[in-house]
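Single-structure report; data block below.
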Amino acid sequence: MERTIYLTKLFDIYEELFTQKQKEYFMDYYFNNYTLQEISENYEVTRNAVHKSLKETEEKLIFYEEKLKILEKNKKILQILENSELKEKIEEIL
């Protein structure tokens, strides 16, 4: 479950770096809870093609985060904001 949450958070950040098919397969699998078989039937491709695409997408998400660390930086920023008066000022503005 933790891995799924981690991957979906990464996908929210890096989504635009993927092809349309990669996005569709990922969203169907992780957000819509479709099985590999259901996805393969919906797109008229083999189950193996869907599995391979998902695996590649997952590996790229992890690679991007290792290099860019956007999720990690976002977490640090949120922690800082939680512990400061700055949070209240930002909330006032929003």
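Residues I77 and L10 do not share a hydrophobic cluster, clusters being chains of Ile/Leu/Val/Met/Phe/Trp/Tyr side chains in contact below 4.5 Å. Follow the hydrophobic side-chain contacts under 4.5 Å out from L78 and you never reach I70; the two are in separate clusters.
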- Message: Checking E58 against Y6 for the side chain to side chain donor-acceptor pair (under 3.5 Å) test, could you report, in this order, the C-alpha distance in whole Å, the side-chain angles of both residues, the deciding distance, and whether it holds?
- Response: CA-CA 10 Å; E58 292 167 2; Y6 179 68; over 6 Å; no
- Message: With side chain to side chain contact (heavy atoms under 4.5 Å, CB included) as the criterion, how do V50 and S40 come out once you've worked through the C-alpha distance, each side chain's angles and the decisive distance to 0.1 Å?
- Response: CA-CA 6 Å; V50 174; S40 70; 4.0 Å; yes
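Among residue pairs with one or both ends in residues 71-80, those qualifying as salt bridge (charged side-chain N to carboxylate O under 4.0 Å, His left out) are E72-K76; sequence neighbours excluded. Sorted by first and then second residue, the salt bridge (charged side-chain N to carboxylate O under 4.0 Å, His left out) pairs involving residues 24-45 (not counting sequence neighbours) are K21-E24. Evaluation of the ring pair (Phe, Tyr, Trp, His ring centres under 6.0 Å) test over residues 35-56, restricted to residues two or more places apart or in two chains, returns Y25-Y43.
For K9, the NZ atom counts as loosely surrounded, since its 6.0 Å shell holds 12 or fewer non-hydrogen atoms of other residues, nucleotides or ligands.
Closest approach of K60 and Q22 over heavy atoms only: NZ-NE2, 4.1 Å.
Remark: I39 CD1 to M27 CE distance equals 11.0 Å, nearest 0.5 Å. For the atom pair CG of L7 and OG1 of T57, the computed distance is 10.0 Å after rounding to the nearest 0.5 Å. Interatomic distance, F11 CZ to L17 CG, rounded to the nearest 0.5 Å: 10.0 Å.
Applying the side-chain hydrogen bond (donor to acceptor under 3.5 Å, both in side chains) test to Y14 and every residue at least two apart in sequence or in another chain returns E65. By the ring-ring contact (aromatic ring centres under 6.0 Å, His included) test, Y29 is found to be paired with no residue, residues two or more places apart in sequence or in another chain being considered.
Residues E59 and F63 fail the side-chain proximity criterion, which asks for heavy atoms closer than 4.5 Å. Residues Y64 and I13 are not in side-chain contact: their nearest non-hydrogen atoms beyond the backbone lie 4.5 Å or more apart. Residues E15 and F26 are not in side-chain contact: their nearest non-hydrogen atoms beyond the backbone lie 4.5 Å or more apart.
Side-chain heavy-atom separations under 4.5 angstrom define the hydrophobic clusters, and the remaining members of the one that includes M1 are I5.
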